[in-house]
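Input: a single structure, listed below in structure tokens.
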Amino acid sequence: MKRRLITSALPYVNNVPHLGNLIQVLSADVFARFCRLRGYETLYVCGTDEYGTATETKALEEKVSPRELCDRFYEIHRDIYEWFEISFDTFGRTSTPEHTEITQSIFFDLDKNGYISSQSIDQLYCDTCGRFLADRYVRGTCPYCGYEGARGDQCEMCGKLLDPMELLSPKCISCGGTPRPRSTKHLYLDLPAILPKLEAWMKEASVRGFWANNAIQMTQAWIRDGLHPRAITRDLKWGIPVPKEGFKDKVFYVWFDAPIGYISMTARLAKEKGFDWKSWWQKPDEVELFQFIGKDNIPFHTVIFPSSLLGTGKNWTMLHHMSSTEYLNYEAGKFSKSKGIGVFGNDAMNTGIPADIWRFYIFWNRPETSDYTFTWTDFQEKVNGELIGNLGNLVNRTLTFISRYYSGIIPEGTPDMAFWKEVADREQEASELLERADLRDAFRTIFSIADLANKRFQYEEPWKARIDNPQKASSLMRDLCYVLKDLAIMTYPYMPSTAKRLASFLGIEIGQGKLGWADLGLKGEFQRIKKHEVLFNKLEDELIASLRVQYSGSQKEREEKEEQNRKNEGKLPASIEKNQNNRFDQIIDLRVARIIKIERHPKADKLYIETLDDGSGSERVIISGLVPFYREDELLGKNIVLVNNLKPAKLRGIESAGMLLAASTKSLEGNEIVEVLTAPNAKPGERVLLEGSSIENLEETISKENIDIETFLTIPLYAKDGYAWSEGQRLMVRGEPIRLEKVMDGKIG
RNA sequence: GGCGGGAUAGCUCAGUUGGCAGAGCAAGCGGCUCAUAUCCGCUGGGUCGUGGGUUCAAUCCCCUCUCCCGCUACCA
């Protein structure tokens with residue numbers, strides 16, 4: 001029986017985990033608890049991933065050291081996981097001496113074996129601080145709007161995305177000095193060179209370790225699309241120093257050191273407890289490594305980390321089973337930290353709903369094969385229906401019955417072997433599923449045993465039988481007590497507190513040295529019920545309704561939801577159309593502009609760089625992917641339709657301040673036809689409006705803010721009958737509709 | 001545009017050596033009453049996204065298309 005080394009994805013330190021993030025940690029916890037109960041020697045390792053730009057920047061903003069910031073967030077994480085009763089053997093962190101030591105030694109081995117190369121790139125360097133500056137560490141004057149405090153990656157005033165190199169009079173934000181461009185060298189992990197080893201390993205390991213389907217697919221896609229050398233160093237302070245001549249002022253890139261955290265956290269625990277970490281991590285014949293992650297993390301665990309280990313030439317304990325889940329979504333959309341959407345760990349704690357209820361819901365619906373949507377209604381239904389209605393009710397009705405009619409003494413009787421055969425079959429099935437870390441199916445199988453018991457309770461009608469046929473009723477109640485014992489054991493990995501309470505009702509205990517997986521079935525003797533009470537209280541409508549409001553998205557989204565509801569009720573389609581037009585008016589600012597200069601993008605095949613006269617007096621540059629469809633001279637001098645308030649974006653290193661509109665369709669032969677919208681009779685700067693709009697009220701309603709491309713794309717624009725349309729109205733300039741010649745019908749974008 | 005994933009009952013989702021399509025919840029009906037208005041039984045409900053192909057037989061295998069989600073890009 002191999003020992004089991006279990007890890008869950010290391011949470012990045014400066015975020016508070018939400019329910020979606022918690023799935024990994026909880027999943028590994030269930031698996032670890034199961035393994036211990038079944039007698040496997042088990043080690044569950046997790047901890048915070050702390051190094052990197054994000055932490056360093058946030059610390060700088062809050063004027064604390066990265067260490068202090070991490071200390072604070074480490075506690076937040078630890079408290080949340082503690083509340084959820086995660087049974088880590090260790091919950092460590094990556095900012096430890098052990099981590100540095102092991103990361104560096106892995107690097108030494110890789111370097112020694114020739115898997116490390118180097119390459120130079122240009123970045124801003126601050127002489128005073130003596131270091132290269134990450135994008136966000138530079139501020140200067142925005143070359144577009146003149147704002148003096150623009151950040152290196154984006155100007156907060158005009159919203160333009162920037163390259164730190166284009167800032168006028170750039171300043172280092174920590175010392176105020178003037179940085180200058182300087183070439184810097186970085187180290188690369190030569191993944192292509194390790195590929196043969198990786199492929200050989202992956203081919204076998206994925207089958208033997210019955211990886212989740214998404215892990216196999218994604219890994220194969222990565223390998224198929226070609227691996228490139230990956231930079232493993234960064235010009236930062238908050239990280240592990242690179243122990244190589246010429247790179248001493250650099251640190252390792254987080255993705256390189258983070259997975260090594262699994263190892264170093266084990267090493268730190270080993271030091272405390274007095275064992276050798278290598279007895280876990282360099283014993284592939286004795287140890288199986290199970291890793292629990294989300295699908296976004298797959299390539300790091302199946303390609304990059306294994307490559308790092310294989311490249312050392314040492315005999316590492318490699319990934320055995322990959323349990324990678326899909327996403328948990330929230331109500332209408334996604335869980336999102338930045339937008340504050342969803343239920344976070346601390347929210348769950350504040351609801352007053354016990355951890356085991358959350359654990360129940362997470363596992364009942366664990367997104368194993370496809371995304372799953374958390375809704376409050378669903379939460380309430382599943383908890384009240386399954387957890388309370390099925391399991392809770394079985395416990396309560398059984399124990400109440402025994403205490404009322406048998407004075408709490410568990411009656412003698414003869415087991416119903418047909419019933420126990422069925423129970424044993426399902427227990428066997430659940431065990432097998434758990435061995436494969438199919439946590440959801442195993443959980444549901446366990447509940448099906450409670451369901452079976454409820455059915456028998458109902459069918460045998462002990463409330464009648466205890467008078468007509470006392471022997472039958474006694475035997476039934478005795479069997480049910482044994483079922484409750486089994487349920488207590490089997491639900492222990494999933495809902496430890498609840499399982500312990502249930503066990504205590506029966507006067508038994510679960511855990512190491514107590515009852516475990518081997519005690520399933522008709523084993524042990526019962527005397528009497530110690531006590532009993534309801535396991536959970538129902539989730540009331542009022543509570544759920546108030547939580548839904550409390551944790552719903554932004555105000556704006558709530559309004560949209562209401563609008564959706566109105567739409568579903570099928571009210572007043574006319575007014576909705578009107579709404580859409582208002583939306584068009586409020587969001588999009590279209591202007592005529594003349595192309596006064598056009599050239600090819602030096603680093604792209606399909607892109608033109610167009611300089612425009614947009615009537616504002618100053619020139620404006622946009623990029624368009626029109627090379628396959630137009631020659632330069634066909635476009636030069638044309639009056640095009642410009643999206644005036646689109647957020648700028650970089651294309652192949654050059655910024656585009658807006659976009660022109662073009663219609664496209666497919667010819668009968670399947671070739672793409674593209675036609676730029678033009679307004680030959682208009683002047684640059686003139687507004688393009690929807691038919692029927694008057695310019696006076698539009699000037700008032702138009703948003704001054706730039707919109708992003710996603711927002712823009714929510715406005716339907718299309719070509720029909722040789723005109724450009726939006727929501728049933730034509731686009732007009734100077735009172736004339738915009739005409740198309742080549743693309744009579746098609747999309748506009 | 002590329003890659004990946006999805007589309008199955010009103011809702012959330014299962015469904016692999018291809019064989020008349022499933023669960024739970026919701027809806028309707030009936031029963032029981034030990035139990036937290038719970039539990040048990042029955043019923044209704046789906047052209048398995050579109051159009052082709054392979055096959056005696058396709059939700060499943062192959063191709064086309066449409067729509068949705070994620071990532072990504074020389075979309076802007």
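By convention in this document, chain letters (A, B, ...) are assigned in the order of the sequence lines, proteins followed by strands, and residues within each chain are numbered from 1. Just so you know, these numbers use all the heavy atoms, side chains as well, and skip hydrogens, waters and symmetry mates.
A distance of about 31 Å separates the P atoms of rG53(B) and rA14(B), rounded to the whole Å. Using P as the reference atom, rC63(B) and rG6(B) are 15 Å apart when rounded to the nearest Å. Across rC69(B) and rU64(B), the matching P atoms stand 22 Å from one another, rounded to whole Å. Straight-line distance between the C1' atoms of rA21(B) and rU47(B): roughly 13 Å, to the nearest whole Å. Rounded to the nearest Å, the gap between the C1' atom of rU66(B) and that of rG28(B) is 36 Å. Annotation: rC40(B) and rC32(B) have their P atoms spaced 16 Å apart (nearest Å). Annotation: rG18(B) and rU59(B) have their P atoms spaced 14 Å apart (nearest Å). Taking atom C1' on both rU33(B) and rG41(B), the two are 15 Å apart, rounded to the nearest angstrom.
Stem regions annotated for RNA chain B: B:1-7 with B:66-72, B:10-13 with B:22-25, B:27-31 with B:39-43, B:51-53 with B:61-63, counting only runs of 3 or more consecutive pairs of Watson-Crick or G-U type with both contacts under 3.5 Å.
When the salt bridge (Lys or Arg N to Asp or Glu O under 4.0 Å) test is applied to R208(A), the partners found at least two apart in sequence or on another chain are E204(A). Scored by the ring-ring contact (aromatic ring centres under 6.0 Å, His included) test, F526(A) finds Y482(A) as partners (sequence neighbours excluded). By the ring-ring contact (aromatic ring centres under 6.0 Å, His included) test, H301(A) pairs with Y262(A), sequence neighbours left out. When the side chain to side chain donor-acceptor pair (under 3.5 Å) test is applied to K606(A), no partner is found at least two apart in sequence or on another chain. Residues that satisfy the ring-ring contact (aromatic ring centres under 6.0 Å, His included) test with F379(A), not counting sequence neighbours, are W358(A), Y361(A), F374(A), W376(A). Under the ring-ring contact (aromatic ring centres under 6.0 Å, His included) criterion, F360(A) pairs with W364(A), F443(A), F447(A), not counting sequence neighbours. Listed by chain and number, the residues in a side chain to side chain donor-acceptor pair (under 3.5 Å) with N639(A) are R594(A) (sequence neighbours excluded).
Across the protein-nucleic acid pair, E381(A) atom CD and rC11(B) atom P stand 13 Å apart, rounded to whole Å. For the pair I622(A) CD1 and rC75(B) P, the computed distance is 14 Å after rounding to whole Å. Between the CZ atom of R440(A) and the P atom of rG15(B) there is a distance of 7 Å, rounded to whole Å. Taking atom CD1 of I623(A) as the reference point, atom C1' of rC75(B) lies 12 Å away to the nearest angstrom. The interatomic distance linking F363(A) (CZ) with rG24(B) (P) rounds to 23 Å, in whole Å. We find that CG of D438(A) is positioned 13 Å from P of rA14(B), with the value rounded to whole Å. Following rounding to the nearest Å, R366(A) (CZ) and rC13(B) (P) show an atom-to-atom distance of 16 Å. Rounded to whole angstrom, the span from the CG atom of L626(A) across to the C1' atom of rC75(B) amounts to 11 Å.
For the side chain to side chain donor-acceptor pair (under 3.5 Å) condition, the pairs that include at least one residue of residues 396-409 of chain A, sequence neighbours left out, are R397(A)-N454(A), S403(A)-H532(A). Every pair passing side chain to side chain donor-acceptor pair (under 3.5 Å) that includes a residue from residues 621-632 of chain A is listed here, sequence neighbours excluded: E610(A)-S624(A), R631(A)-D633(A).
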Legend entry - Footprint string (nucleotides 29-39 of chain B, 5' to 3'): B base within contact, S backbone only, - free, heavy atoms under 4.0 Å: --BSSBBB-SB
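Side chains of D589(A) and N644(A): a donor on one and an acceptor on the other come within 3.5 Å. Using modelled atom types, one finds no donor on one side chain facing an acceptor on the other under 3.5 Å when comparing T445(A) with R426(A).
One finds no salt bridge joining D613(A) and R620(A) here, because no Lys/Arg side-chain nitrogen approaches an Asp/Glu carboxylate oxygen to under 4.0 Å.
Within the 4.0 angstrom heavy-atom criterion, base atoms lie near D605(A).
Residues of residues 592-602 of chain A that place a heavy atom closer than 4.0 Å to RNA chain B do not occur.
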